[in-house]
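In what follows, chains are A, B, ... by sequence order, proteins preceding strands, each numbered from 1.
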Amino acid sequence: MSVSARDVQRIGELARLHLEDDELERLTSDLNAILRHVDSLRDLGSTKRPEDSSQIGSKLESVSREHVEGPDKLREIPADFAPEWKEGFFVVPAPPGVHPSGDQ
Amino acid sequence: MNWEAVIGVEIHVRLKSEYKLFCSDRAVFGGEPNTHICPVCIGLPGALPVLNSEIVDLALRTALAFGCTIHFESVWARKSYFYPDLPKGYQITQFEHPLATKGSVTFPGSKGDTSVKIRRVHIEEDAGKLLHDRVPRASAIDLNRAGTALVEIVTEPDLRTAADVRLFLGELKQTLEYVGASNCNMEEGDLRVDANVSVRRSGSPRLGNKTEIKNVNSFSGVERALSLEIARQIATLEAGSVVGQQTLRWDDHREELRKMRSKEESHDYRYFPEPDLSPVRVTQEQVTTVLESLPELPRVRCSRFKKVYELRDYDAEVLTQSAANADYFEELVGIHIDPQVAAKWVVGPLQGLMNQRRENAQTVPVRPAQIAALIGLIERGVVSESAAKSVLVILAQEGGSPSDIIEARGLMQEQDIGQLTSWVTEVLAKRSEEVARYRGGESKILGYLVGQVMQSSGGTADPRLARDLLIKQLRNE
Amino acid sequence: MSLQDKVLSSSEVLNFGGSGFRSLDDIKELEGGREGLNAFLAVAEPEDLEACGQGPLEGVMVALKDNICTKRLPTTCGSRILKGYRSPYEATVVRRLRRAGALIAGKTNLDEFGMGSSTENSAFGPTLNPVDRSLVPGGSSGGSAAAVAAGYVRMALGSDTGGSVRQPAAFCGVVGIKPTYGRISRYGLIAFASSLDQIGTIGATVLEASLLLEVVSGHDTRDSTSAEKPVPRYRDAAVQGIEGMVVGIPTEYFPEQLDPPVRALLDDACERLVAAGAEVRPVSLPHTEFAIPCYYVLATAEASSNLARYDGVRFGARLPAEGLDRMYELTRGNFGAEVKRRIMLGTYVLSSGYYDAYYGTAQRTRASIAHDFTAAFNEVDVLFTPTSPTPAFPLGERVLDPVAMYLSDVFTVTANLAGIPGLSVPIGTVGGLPLGGQLLGPWWGESHIIAAAGALEASYREDT
């Protein structure tokens, strides 16, 4: 399979990555080079094993906890690492179509 | 031409868990914003989810209450999309392998008992809240809710009218409360409903194009939204147009449906198995234990009440609307109170008292033994029914035993003929107009006169004796 | 007792010999000078060295790859998007290190988010190979491997998603261990590809890498994928010998194209294993050729999802912009070219219509590769292979050719796909450049590969 610049543009939107024109061009050719290599996998399709139990975690015991009070609380308030923090809230630009009504 | 709507719903239910799904934060509604957060539920780099096993039991209760098949292994998946209230850029949910499938709910629909098939029940984490009225020209995020546990219940498109959807949701809510899976507090968003609806010619096997109505958090809202949408689709079809597939958002204030932007709905969620969590493994023993701990479900209990206790439909339905009321009733019956009498007290005076005090049958301070004692005193003629209702109020306020209260307040029923005769004479003298009407053949007026005697006696007169005396005096004169 | 004394005394206890250790000041001076390797992104100040416990690493300086969360030092993942980020919590391994008495010397350079095989993809400049500064140190744990090889520290932690501990250890001439998936808690390790990521240890010797492994291993209730398995005394395994051990040589790992001098060193290593008492026999791992494409589908799929949280909303660097969508795109535009490439590939293989063809097939291939190993370990105790087809390559050589760069992981990704432990140990030099031999073991078979590596190391030591 190969991808076009338009496909790459669409994937970029899905991944919320801003791509400059030159990046777009380069990524299209890189992705196609990688996909050519990856396509060898698809030849394997016919010899695939019946089971699909490859989730590596399935080799491990199921781990869960009985609502223990873990000591992983935040010791610092988010203000210390948040890009924007006001009055106890994380703050972001409004999503499209939303018109914030907060005054002050 | 007749049209028929085909409706399926998805209900997100917040489970009654003390802790969040994958971290040790408390699942608390309200409070100061961003005070119940930790590295895991706000998706800090390096943080990892660990399943809180209490939640699997709550989800099992839900699935088993609807008769679902439980899958002994269910797999977590990531559902990816970007939104500021979704900390990790993906939601941990179950996709290809849900906890449970294939259940059903029967509810009293507008055309009698109606069955809806449940397609699946799965567990997932909730997002935080995005608020647009807290800071100027920007949006504020509170992540207290992020990571709290939900189950999503998905039905087959078996519903046909907006009214039935509402009745179905009522049944569903009652069941969830009954089995203790959720508090079902609508104001707090414990139940959120998405519905998809299409319209076709009645009897046609083909499905029309469907639209999806998102995120409604009241049952009346669901009914109104669906009625509007069904009408719109019929009008569209009758005008010879085609219904476009689209997603609509219900605006509860304006009572209207608004189309979501195409970008909002064109999600490609890129589901894949969550590598940070092993599958949820449930054993047959676990299922058996949960099944055994499930209470009798409302509809089953209601029909049993009718059959075993020979209750009227109305009493049985009202009693089984909440498990606590039904339990209270059965406790009364258990201490040898006649079922009819017990039902009358729970549905009547006790319910009145609970409404007044904003309490339920579990929290109301008057316990079944006290009401049983009170009923015993009525049956022995010690206290009148009307006086007993006052005793009930006093019991709730002050506690103690009914007989002590009756004695201390002089509420014993008066059976002394001399005393009763003087009250009767007094009433007849004062109410000459009613006396005349009675004698003129209006015998119904007798009840009014008995009431007057009861009033004169401060509720203590024995009403049967008072009635007998009244008739005697009215005839003698 | 001063810190300095403490460090001295414990290194003596460990019998590390006279190869020396460095103080924080030494590290700063070396890194700050013209000869600096850029191995460290942050070096601790003396006041950052928290009071530590009394354990097997008392007073020992350990460097951490900068994708392991620390509270005292920034954690950047080699990315502009986390520049200056200070984690409000610390990784389980950091807690374990301090409990064992270790001192955190600093944070080491890496390919951004662990994505690379040369440490050239760091937003903060490449790390140089201390053996030859014109060469890459390997990656992505290049900073950790270089710091150990240069003698700044005797031990360091890295992370290994497709070879990121073993390959730089090989390129720098030190020992690197990637244990079984689930052996070391990943809590606080910034995820690249969750089902493949595993913290690994790098040491100047097999003993040091094994001792560090022993200290940081073990179950952690904060990581659902960490195993409830007792931790053996790996330091004892390092000297226990390999009498009677059966070593498999997978034919697929010795292709025709291997350079003759490389092959000669590998043959020599096999002879040394035999001399130490092992039996060597050929085995086959038939699905090996699909490992690289399989790895790049699964690793990028998981990475595209793991890196979605870098959205400028709750932490990290945000680029200001009008409107939410623009803010997302500009902020995430801050990722480097390789990270973008992998997010794009991962997003593509998971997107509607392609999932089965790519992700689904890759999952099945992964099962086949794991099955190959299970079958092989029914016959042999460990496997011996090259760690990388070549020794360290020149800086800049493969930056523009992603596929060539990916292919340099050909012998290491299989261990991550199968979840098994792998170790790289120096087996001599080609043209003055160190070459690594890789030992692979069955699930929880760390002790076997450590024993084999210890025997090899002892054999080379006898040469000198």
Bottom line for Leu324(C): the part with an atom under 4.5 Å from chain B's heavy atoms is side chain
Counting heavy-atom pairs under 4.5 angstrom with chain B, the leader among Val349(C), Thr347(C), Leu82(C) is Thr347(C)
inquiry  = Can you confirm whether the side chains of Arg309(C) and Tyr90(B) place a donor and an acceptor under 3.5 Å from each other?
reply    = yes
Residues 84-96 of chain B vs salt bridge (Lys or Arg N to Asp or Glu O under 4.0 Å), sequence neighbours excluded, gives Lys88(B)-Glu125(B)
Tightest non-hydrogen contact, residues Pro45(B) and Cys69(C), listed as O-SG, 3.6 Å
Residues 294-304 of chain C vs chain B, non-hydrogen distance cutoff under 4.5 Å, contacting residues -> Ala301(C), Glu302(C)
Query raised in the report: Taking Arg314(C) for the side chain and Pro87(B) for the main chain, is one N or O donor matched with an acceptor at less than 3.5 Å?
Result: yes
### Query
Any donor-acceptor pair under 3.5 Å linking the side chain of Tyr89(C) with the backbone of Cys38(B)?
no
Here the pair of heavy atoms bringing Asp276(B) nearest to Thr225(C) is O-CG2, 3.7 Å
Lys20(B) meets the side chain to side chain donor-acceptor pair (under 3.5 Å) criterion, sequence neighbours left out, with none
Applying ring-ring contact (aromatic ring centres under 6.0 Å, His included) to Tyr328(C) and not counting sequence neighbours gives Phe82(B)
When the 4.5 angstrom heavy-atom criterion is applied to Thr75(C) and chain B, the contacting part is neither
- Task: Indicate whether any N or O donor in one side chain lies under 3.5 Å from an N or O acceptor in the other, for Ser351(C) and Arg270(B).
- Result: no
